[in-house]
Asker: 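First, the structure itself, so that you have it in front of you.
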2 protein chains.
Amino acid sequence: MLQVREDAIVHAVNRLLAEKGFDAMTVDEVAAQVGIAKASLYKHFPSKEDLAAAAMVRVMRRAQDFISELPADAAPVENLRAVVRWVLQVKLAGDMPTLPSQNSSLRATLMGNPDYMDGLMEISDQLGGWIEAAQARNELSPTLPAIAILYTFYARACDSVVEFLQMGGLFPDEQIMEMVLTTCFEGLNAR
Amino acid sequence: MLQVREDAIVHAVNRLLAEKGFDAMTVDEVAAQVGIAKASLYKHFPSKEDLAAAAMVRVMRRAQDFISELPADAAPVENLRAVVRWVLQVKLAGDMPTLPSQNSSLRATLMGNPDYMDGLMEISDQLGGWIEAAQARNELSPTLPAIAILYTFYARACDSVVEFLQMGGLFPDEQIMEMVLTTCFEGLNAR
DNA sequence: GTCTATAGGTGGATAGAC
DNA sequence: GTCTATCCACCTATAGAC
């Protein structure tokens, strides 16, 4: 019962973070969307920052669920492509929460949240392993530091090119995904 | 005299937008940084949105200045690389103002600002010409729509991977620039 | 745990004197 | 055009009854 309610809250936060970002999101909106009073929200989560953290934990769990179902025997680079594809799909569907990386109180809350930190670490370890394996097999560029490749993947979750292309309205979501995915792995140069 | 003061204002706005973003920037801060009263600011610019627009016009002018000095006889792709390099340099120096693309009142102000719209159009035409020329010479992938390539360049101005790598503190700015530039044009795959 | 009501603070914008 | 002083709306968070 409590779990169901908190899920509803975090779901609403996720949607609002994806739609308007952390600063523009208000706690009143969250409460209204869930259909409870604002004061009730604060019984579940102590601050707006903690609401955001819960949304990030939620999306990371979904990512972990997706990752855990990928074939262990596939080429590492193919699994990495699948993860980036999943990220883009979530973003294109308007379900990817984004946070301002400059906000210090928000950063402090995230850093102090074990669920967030552990999830981030686990995902980074999993992807990092695939990255190094792919580099060893010469499927990903061995000259780039693995951490730079990892960050490049993470940055796809907030890549403005997706919004630009969606706002332009010239391409369907499926094609946007393919273009960004291609650009990410193959680059803009001709082959 | 008025021009000098307004330059100082826009310069301060540019710095604050680069540092903390539109939502976190306050008009009080801008006034304090310039050293004038907030009410005086509003004699020069009618709203916070117009302040942001002026900062965007400023950075676009600087981009146009840079573009206009590029060799007309160089390979188009080389000029494009130089532009992306310039963008990354500005961003790495902490001088690239960024705006939330979801904010509707801000978008309306930008759309209604002829200086902004004209500058954006001019830059897009210039880069678009190079992109199509590069594709015709098979220097850039001919299968990608030119507009998608253009947006991919624009998105480098707010690519989070730069912040991630800078926060990590593992690489000097020069190396970050080369990694992002390489990833952008060559992709993550091994060659 | 849910509500109503409100505290406490901040930020964009303006009034009006000089 | 610059200032001081202020308005007013909104936002995070909390008090306190039920």
Side-chain angles (χ1 to χ4, degrees), chain A residues 1-17 19-56 97 99-100 102-110 112-113, chain B residues 1-56 97-100 102-110 112-113:
Chain A
M1 190 54 86
L2 176 137
Q3 189 61 34
V4 170
R5 167 128 303 177
E6 296 201 342
D7 281 352
I9 294 172
V10 179
H11 185 73
V13 171
N14 190 91
R15 287 184 57 81
L16 286 166
L17 282 183
E19 185 184 321
K20 36 208 314 189
F22 180 79
D23 291 312
M25 177 186 84
T26 70
V27 179
D28 293 80
E29 280 173 320
V30 178
Q33 197 139 122
V34 179
I36 62 175
K38 179 165 54 170
S40 306
L41 264 189
Y42 280 97
K43 299 285 181 181
H44 293 277
F45 298 91
S47 72
K48 183 183 177 183
E49 282 77 12
D50 286 280
L51 283 173
M56 297 309 289
L99 301 181
Q102 312 106 327
N103 186 324
S104 63
S105 76
L106 182 54
R107 275 258 300 278
T109 300
L110 291 175
N113 185 320
Chain B
M1 192 51 90
L2 176 139
Q3 189 59 35
V4 170
R5 168 129 301 178
E6 296 200 343
D7 281 353
I9 294 171
V10 179
H11 188 237
V13 172
N14 190 91
R15 286 185 56 83
L16 286 166
L17 283 182
E19 185 183 320
K20 37 207 314 191
F22 180 78
D23 290 313
M25 177 186 83
T26 70
V27 179
D28 292 80
E29 280 173 321
V30 178
Q33 197 140 118
V34 179
I36 62 177
K38 179 164 57 166
S40 306
L41 263 190
Y42 278 97
K43 300 287 182 179
H44 293 277
F45 298 92
S47 73
K48 184 184 177 184
E49 282 78 10
D50 286 279
L51 283 173
M56 295 311 287
T98 52
L99 301 181
Q102 313 107 322
N103 186 324
S104 63
S105 76
L106 182 54
R107 275 258 300 279
T109 300
L110 291 175
N113 185 319

Asker: Taking salt bridge (charged side-chain N to carboxylate O under 4.0 Å, His left out) as the test, write out the residues that go with B:Glu49, two or more places apart.
Answerer: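 Result, salt bridge (charged side-chain N to carboxylate O under 4.0 Å, His left out) vs B:Glu49: none returned.
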
Asker: What is the distance, rounded to the nearest whole Å, between atom CD of A:Glu29 and atom C1' of D:dA13?
Answerer: 17 Å

Asker: Only counting residues at least two apart or in another chain, list the ones meeting side-chain contact (heavy atoms from CB on, under 4.5 Å) with B:Lys38.
Answerer: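 Checked B:Lys38 against side-chain contact (heavy atoms from CB on, under 4.5 Å); matches are B:Val27, B:Asp28, B:Ala31, B:Tyr42.
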
Asker: Salt bridge (charged side-chain N to carboxylate O under 4.0 Å, His left out) with B:Lys20: which residues, sequence neighbours excluded?
Answerer: B:Glu29

Asker: For B:Asn103, give me all partners under side-chain hydrogen bond (donor to acceptor under 3.5 Å, both in side chains), at least two apart in sequence or on another chain.
Answerer: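 Checked B:Asn103 against side-chain hydrogen bond (donor to acceptor under 3.5 Å, both in side chains); matches are B:Ser105.
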
Asker: Using atom types as modelled, flag every donor-acceptor pair under 3.5 Å from a side chain in residues 3-12 of chain A to any protein atom, sequence neighbours excluded.
Answerer:
| residue | atom | partner | partner atom | Å |
| --- | --- | --- | --- | --- |
| A:Gln3 | NE2 | A:Asp7 | OD1 | 3.4 |
| A:Glu6 | OE2 | A:His44 | ND1 | 2.9 |
| A:His11 | ND1 | A:Arg58 | NH2 | 2.8 |

Asker: Could you run through nucleotides 1-14 of chain C and give me one letter per nucleotide, 5' to 3': B if any protein heavy atom sits under 4.0 Å from the base, S if only the sugar-phosphate is that close, - if neither?
Answerer: SBBB------SBBB

